[in-house]
Amino acid sequence: MTLILKNIGRRYGKSWVLRNLFLEIKDGECLALLGPSGCGKSTTLRLIAGLDIPDEGSIYINGRDLKNVSPSKRNIGMVFQSYALFPHLSIASNLTIGLKVRGATESEQHQKVSSILTLMKLEDLAYRKPAQLSGGQRQRVALARALLRDPEVYLLDEPMSNLDAQLRESLRPEIRSLILQGQKPVVYVTHDQQEAMAMANKIAVMQKGNVEQIGTPNELYNSPASIFVASFIGRPQINLLPPESGIIKGIRPEDIIINENGINSKIIYQEWLGSSKLIMLDTPIGELRMITSSNDQIPECPKISWDIKNEHRFELTTHKRLN
């Protein structure tokens, strides 16, 4: 099974929100669409689902052109940011209603709902209503509903953005395992780079309706194709040095080291991050971020440097990576 978006364009009025978008997601792949608000992530998801129509290009699932195919006929499992559960129905009834619509017998409904509740560790909550569940439990129900469809493609639209940070962290491996074990293409929309790196095999970094780069988390971090990608991927953010000879150099905070033969600096801010700490330095070439071990004793005015092989170099006018 393969999901392909070929030369997709979408505009509202005279403004293009997507242009010449090409994506290919295969069985067992989870592609995260990552980028700031307004970059076209959710629009892309809506086009795949059939909730919106492209002005240009085509969308295919396993070779089938989805043009003129209604959302209900696309066999897509969606998980939304809002859980979209019926508040007056129990969890079991929320899961059963879709099976009824698709013509499942009562015995099939009971068997499938019972199995999915066990899989999602919700069997003891089957007869509670959504308001009686925690955010994490409601998100499990929303995912269970998508899994029950046995869809050809999964679409997840910021499914954990309403949850607190600790709960998101605990749910990530669980949800990733469930959506990938189905061996179907998965598109996961998020603005959170940490979530994208945790959930996806590949990440498409988007800006202003265009894909800046597609790659594994490791590729995006170590070989960013542009200044935008270099700045968007990685926390704390990469240091960008003043332009020199038509080149902008970037250096990751963890690649800056203390060196007696380095440049002068002065600590202006420190932030404890647990096992490490972020140090903001004032230097002759501007403020720089450095990451060190939380146990390191750093003098107030350290001398710093970095290995030239760790520099990322970008062309001044295009902001594209220089090999």
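- Here the CG-CZ distance, from N239 to R289, works out to 5.0 Å after rounding to the nearest 0.5 Å.
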Any chance you could lay out the side-chain contact (heavy atoms from CB on, under 4.5 Å) test for K266 and L281, step after step, and finish with the verdict?
CA-CA 5 Å; K266 182 178 180 180; L281 299 166; over 6 Å; no
Take L125 and Q137, measure what side-chain contact (heavy atoms from CB on, under 4.5 Å) needs, and give me the verdict at the end.
CA-CA 9 Å; L125 307 174; Q137 290 166 339; 3.4 Å; yes
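- Here the closest non-hydrogen pair linking A204 and L31 is N-CD1, 3.8 Å.
- Between the D55 side chain and the R11 main chain, a donor and an acceptor come within less than 3.5 Å of each other.
- The side-chain heavy atoms of R10 and W16, taken from C-beta on, include no pair separated by under 4.5 Å.
- Checked by atom type, the side-chain pair E315/T317 shows a donor-acceptor distance below 3.5 Å.
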Dump the intermediate steps for salt bridge (Lys or Arg N to Asp or Glu O under 4.0 Å) on R19 and E56, then the final yes or no.
CA-CA 8 Å; R19 200 72 194 267; E56 295 178 347; 3.4 Å; yes
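- In terms of hydrophobic clustering, with Ile, Leu, Val, Met, Phe, Trp and Tyr side chains grouped at heavy-atom distances under 4.5 Å, I203 and V189 are assigned to different clusters.
- Put simply, CD1 on I48 and CE on M78 are 9.0 Å apart, with the number rounded to the nearest 0.5 Å.
- Atom CD1 in I308 sits 11.5 Å away from atom OG in S305 (nearest 0.5 Å).
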Under the side-chain hydrogen bond (donor to acceptor under 3.5 Å, both in side chains) criterion, do Q111 and S107 qualify, and how do the steps go?
CA-CA 6 Å; Q111 186 272 324; S107 61; over 6 Å; no
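- Salt-bridge formation is not detected for the pair K184/D27: no Lys NZ or Arg NE/NH1/NH2 atom is positioned less than 4.0 Å from an Asp or Glu carboxylate oxygen.
- Under the 4.5 Å side-chain criterion, counting only non-hydrogen atoms from C-beta, I25 is in contact with L23.
- Residues V187 and L34 do not share a hydrophobic cluster, clusters being chains of Ile/Leu/Val/Met/Phe/Trp/Tyr side chains in contact below 4.5 Å.
- Of the possible polar contacts, one joining the N94 side chain to the L89 backbone as a donor-acceptor pair under 3.5 Å is found.
- When the side chains of ILVMFWY residues are joined at heavy-atom separations under 4.5 Å, either directly or via intervening members, L278 and W306 end up in two distinct hydrophobic clusters.
- The shortest heavy-atom contact between A196 and A32 is CB-CB, 3.8 Å.
- If you chain together hydrophobic residues whose side chains sit under 4.5 Å apart, V205 and L240 never meet in one group.
- Residues I91 and P130 are in side-chain contact: their nearest non-hydrogen atoms beyond the backbone lie under 4.5 Å apart.
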Do E158 and Y188 pass the side-chain hydrogen bond (donor to acceptor under 3.5 Å, both in side chains) test, and can you show the C-alpha distance, the side-chain angles, and the key distance before you say yes or no?
CA-CA 7 Å; E158 307 226 29; Y188 193 106; over 6 Å; no
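- In terms of heavy atoms, V153 sits closest to L155 at CG1-CD2, 3.8 Å.
- At a threshold of 4.5 Å between non-hydrogen side-chain atoms, the residues V79 and D157 do not count as touching.
- Looking at every heavy atom in both residues, L117 comes nearest to L95 through CD2-CD1, 3.7 Å.
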Run R74 and L66 through side-chain contact (heavy atoms from CB on, under 4.5 Å) and show every step you take.
CA-CA 7 Å; R74 295 192 178 199; L66 297 186; 3.8 Å; yes
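- With contacts defined as side-chain heavy-atom distances shorter than 4.5 Å, the pair E24/T2 qualifies.
- Here CD of Q213 is found 8.5 Å from CZ of R321. Values are rounded to the nearest 0.5 Å.
- Separating the NZ atom in K112 from the OG1 atom in T105 is a distance of 8.5 Å, to the nearest 0.5 Å.
- Residue P71 comes nearest to G50 through the heavy atom pair CG-O, 3.3 Å, listed as atom of the first residue, atom of the second, then distance.
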Given salt bridge (Lys or Arg N to Asp or Glu O under 4.0 Å), test E106 with K100 step by step and report yes or no.
CA-CA 8 Å; E106 284 194 19; K100 285 183 180 178; over 6 Å; no
Would you tabulate the side-chain donor-acceptor contacts of residues 219-238 under 3.5 Å, counting partners in other chains and residues two or more places apart, or write 'none'?
unit_1	atom_1	unit_2	atom_2	d
E219	OE1	T216	N	2.9
Y221	OH	E254	OE1	3.4
Y221	OH	E254	OE2	2.0
N222	ND2	N218	O	3.2
N222	ND2	N218	OD1	2.6
S226	OG	E212	OE1	2.7
S226	OG	F228	N	3.4
S226	OG	V229	N	3.2
S231	OG	I227	O	3.0
R235	NH1	S231	O	3.4
R235	NH1	F232	O	3.2
Q237	NE2	S231	O	3.2

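- D307 places no side-chain N or O within 3.5 Å of a backbone atom of N310 that could act as its donor or acceptor partner.
- Between E244 and I247 there is no side-chain heavy-atom pair separated by less than 4.5 Å.
- Here the side chain of D296 pairs no donor or acceptor atom with the backbone of I298 at under 3.5 angstrom.
- The shortest side-chain heavy-atom distance between I256 and I291 does not fall under the 4.5 Å cut-off.
- For K277, the NZ atom sits in a packed shell: over 12 heavy atoms of surrounding residues, nucleotides or ligands are nearer than 6.0 Å.
- Enclosure of atom OH in Y127 is not indicated, since only 12 or fewer non-hydrogen atoms of other residues, nucleotides or ligands lie within 6.0 angstrom.
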Between S93 and S90, is a side-chain hydrogen bond (donor to acceptor under 3.5 Å, both in side chains) present by the stated rule, with each step listed?
CA-CA 5 Å; S93 296; S90 69; 3.1 Å; yes
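- No more than 12 heavy atoms of other residues, nucleotides or ligands lie within 6.0 Å of CD1 in I53, so this atom counts as exposed by the packing criterion.
- A donor-acceptor pair under 3.5 Å is formed between the side chain of S294 and the backbone N or O of G274.
- Note: N7 CG to I4 CD1 = 11.5 Å, rounded to the nearest 0.5 Å.
- Placement of L33 and V17 in two distinct hydrophobic clusters is found when ILVMFWY residues are connected by side-chain heavy-atom separations under 4.5 Å, directly or transitively.
- Considering only heavy atoms from C-beta on, N264 stays 4.5 Å or farther from T283 through its side chain.
- A salt bridge between K249 and E311 is present, with a side-chain N of the basic residue lying under 4.0 Å from a carboxylate O of the acidic one.
- Counted within 6.0 Å of CZ on F22, heavy atoms from surrounding residues, nucleotides or ligands total more than 12; the atom is thus considered enclosed.
- Residues K41 and H191 approach most closely at CE-N, 4.3 Å, considering heavy atoms.
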Apply side-chain contact (heavy atoms from CB on, under 4.5 Å) to T292 and M290, showing your working.
CA-CA 7 Å; T292 70; M290 177 173 70; 3.7 Å; yes
